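Below, chains carry the letters A, B, ... as their sequence lines are ordered, and counting in each starts from 1. Please read all numbers here as calculations on a predicted model, not as lab measurements.
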Number of protein chains: 2
Amino acid sequence: MTRVTIQQVAAAAGVSPSTVSNLLNGRTNRMVPATKERIERAIAELGYRPNRAARQLRTGRTQTVGLIVPSVGNPFWGAFARELEVAALAVGCNVLLCNSERDPDRERRYVEELWEDGVRGIVLCSSLPTLDHLADIVRRGLRLVTFDRPAQAGDPEEVVSVSINNHVGGFLATSHLTELGHERLTFVSGSLAAVNRTGRFRGFCTALEGADLDPAAMPTWTAGGGAPFGDVEAAQVGRQAAHDLFSGTVEPPTGIVAINDMTALGFCRGLRDQGLHVGKDVSVVGFDDIILAELYDPPLTSVRQPISRMASLSLEEALKEDDREPGRSVLLRPELVVRDSTASPTGATAPVVADEDGVLQ
Amino acid sequence: MTRVTIQQVAAAAGVSPSTVSNLLNGRTNRMVPATKERIERAIAELGYRPNRAARQLRTGRTQTVGLIVPSVGNPFWGAFARELEVAALAVGCNVLLCNSERDPDRERRYVEELWEDGVRGIVLCSSLPTLDHLADIVRRGLRLVTFDRPAQAGDPEEVVSVSINNHVGGFLATSHLTELGHERLTFVSGSLAAVNRTGRFRGFCTALEGADLDPAAMPTWTAGGGAPFGDVEAAQVGRQAAHDLFSGTVEPPTGIVAINDMTALGFCRGLRDQGLHVGKDVSVVGFDDIILAELYDPPLTSVRQPISRMASLSLEEALKEDDREPGRSVLLRPELVVRDSTASPTGATAPVVADEDGVLQ
DNA sequence: CTAGTTTAGTGCATCGTTACACCGGCATCG
DNA sequence: CGATGCCGGTGTAACGATGCACTAAACTAG
């Protein structure tokens, strides 16, 4: 019923609480092996588990990292959260998950709260253009890792970032379409007020230029600057875009690059609303390669993020204590996974060489 | 830089720390209004926030509830986690999220850890047949709410449950198919070693009997008893089922009831692998009505769980302190949402009356 | 006017762990 | 032989909030 304390362990092992504490904190060089074993036996026999609250009160630290995502309702973030938890578990950490819904206020409140709760670090999945709202907390020592938001000029230099190269991602997606022969493309996104998104968009433009197409001539569809960035909303945005683009008087595009898979899936749904066929009438490329991309009909061509690797890297950085390497920015390379939602504009099947998994080499 | 403590507030307000503590804990009847105001002003001016660790060490309580889900990678759980967080936020609580991956060991470890960390209650999304592995912790006072797992005989009586009526859900899904004229149905699931799953299956059988069909004559497809219950796995299970059922020599079913939407979507994918069309060649009903059900092609008929309502109820129960009503089991009624993945076996469109939203009245 | 009661607020021990300062004893050194 | 250094380990004062037991002052009743 009542918890086992360090004193009871000490008594059982015939040493002082200090010595037990020393063992617990890895200062084993301060004791003879026999003592160490006695203590370890006592711990095992009594089933002792250190009291986190007491420990934290004393040291001001936790074994917890905070994770702030836009919304776990979005399968991409759900999958990432899961990966981060796996990584954390492996090093004896906990993950405290928060949904910001991409609201800067809520984001700040969560960061403050986590900081006051003494988390070791925070992995922030946000792509707000500035980190000004968090600058003071970072200066006060918070270990902040931004995920999918490469470091920007003006960021506090202590901030580390882990991200894919969004420019390359946007480029891969787009040049896949131009290589298939598409010449009228549209970039579909909710608000572009996020640095990962502008990166993807720049990749889109670069690829167009490489194919001798004029980015300025391509309509870009973005939702109003409004807030919605969740799971439902992302799909809604895509669906709305399809309605807008294919019901007007202007000539619609033959290829679409969507900001993420949920938007892409929503877009596909919108196309169907109008009797159009994805992969035949219109080619669609998504981004993130969530599990559902492969299950969809047609299976969705998408830019894959190596979330498992990114999760371990993020965690590592969030836990790093001493050898700070300020402003470090890790950029991983995304992969294009070609499936059936893309084809040449004539309607022929994509003549693309890919391995069994659909990964373009 | 350094935190504001209760002593500083007390000094600023010209009272003792005890009085500030009294205010903080709602014992305002013990002080004159003027004092109360002075303290409140001091708190605001200094930006004081109570130290959680200290508070917890002293009281043994937290403002945190634990949430254990099989895997947030599954959009259903992601959506539920988000709803629970919303509910918690509204009453000033935090949610600590854990993925059990449906591993009883991991589940138990998490429960223990959360309990030792002093959470106020735990919402456990698990449907293991017994709670034996948690019985002792519950007896020691843990406030446990099981989600989507109605109370079973043999459960510790302190446990409360919040769930839909799975029997009704299975019944709704199945009778929808029989009413369409289907006579060869298959229930597709990963392991059935979970009470919510057996409930759905019983509903399946009841509906068959109601339609004068023999449940025993219907093949049930279940994956081996193995562990996998995650997001990837659920879809994989469905896909495998489709391969098995439609490649053998036995006459395949015309209608499928899947244990959840991920499995249903995987199943649809598997049908396509073999050139079959969902909603034409085979009707498929899912369960949960995740956001992707509507986006899918064809949009998936599914049994909707009222997750928002369930989340608030779960939270409420998890926080309830005193008036324990042991063994309470809340069962909500699920809704069938009819979309295009189901039709009569001839291939005609479903002649079902539904409102604009697809909700069957 | 005194004894008793209520009001408004305080003192202090305490939760379990940590880490710095310290200490006795033994070995080594010049 | 006395001084020095190291080894293995201990004593103790916090960390910040809580809440019981207590009290001084004001008020009430008889």
I'd like a table of donor-acceptor pairs (distance under 3.5 Å, sequence neighbours excluded) in which one partner is a side-chain atom from residues 47-56 of chain B, with atom names and distances.
from    : atom 1 : to       : atom 2 : distance (Å)
B:Arg49 : NE     : A:Glu116 : OE1    : 3.4
B:Asn51 : OD1    : B:Ala53  : N      : 2.7
B:Asn51 : OD1    : B:Ala54  : N      : 3.0
B:Arg52 : NH1    : A:Asp117 : OD1    : 2.7
B:Arg52 : NH1    : A:Asp117 : OD2    : 2.9
B:Arg52 : NH2    : B:Asn94  : OD1    : 3.2
B:Gln56 : NE2    : B:Asp117 : O      : 2.5

A:Arg106: side chain to side chain donor-acceptor pair (under 3.5 Å) partners, not counting sequence neighbours: none
Within the structure shown, what part of the strands sits under 4.0 Å from B:Gln56 by heavy-atom distance: base, sugar-phosphate, or nothing? nothing
Please indicate whether A:Arg27 has more than 12 foreign heavy atoms, meaning atoms of other residues, nucleotides or ligands, lying under 6.0 Å from its CZ. yes
Could you tell me how far apart A:Arg52 (CZ) and C:dT17 (P) are, to the nearest whole angstrom? 12 Å
Rounded distance (Å) that lies between atom C1' of C:dT17 and atom CD of B:Glu116: 15 Å
May I ask you to decide whether [X] forms a salt bridge with [Y], counting only side-chain N to carboxylate O separations under 4.0 Å?
{"X": "A:Arg41", "Y": "A:Glu37", "value": "no"}
{"X": "A:Arg149", "Y": "A:Asp155", "value": "yes"}
{"X": "B:Lys320", "Y": "B:Glu317", "value": "yes"}
{"X": "B:Glu101", "Y": "A:Arg82", "value": "yes"}

Quick one: list whatever passes side-chain contact (heavy atoms from CB on, under 4.5 Å) with A:Glu107, sequence neighbours left out. A:Ser100, A:Leu124, A:Ser126, A:Leu128, A:His133, A:Leu134
Output the pairing pattern of DNA chain C as a dot-bracket string, 5' first, Watson-Crick or G-U wobble with both distances under 3.5 Å, | for cross-strand pairs, [ ] for crossing pairs. ||||||||||||||||||||||||||||||
Donor-acceptor contact present, side-chain B:Arg120 to main-chain B:Thr64, <3.5 Å: no
Hey, what are the protein-to-nucleotides 9-13 of chain C N/O distances that come in under 3.5 Å?
from   : atom 1 : to      : atom 2 : distance (Å)
C:dG9  : OP1    : B:Thr35 : OG1    : 2.6
C:dG9  : OP2    : B:Val32 : N      : 2.8
C:dG9  : OP2    : B:Thr35 : OG1    : 3.4
C:dT10 : OP2    : B:Ser16 : N      : 2.9
C:dT10 : OP2    : B:Ser16 : OG     : 3.0
C:dT10 : OP2    : B:Thr19 : OG1    : 2.4
C:dG11 : N7     : B:Ser18 : OG     : 3.2
C:dG11 : O6     : B:Ser18 : OG     : 3.0

Start and end of chain A contact along DNA chain D [non-hydrogen atoms, under 4.0 Å]: D:dG8 to D:dG16
Which class fits the ring pair B:Phe147 and B:Trp77: parallel under 30°, tilted 30 to 60°, perpendicular over 60°? perpendicular
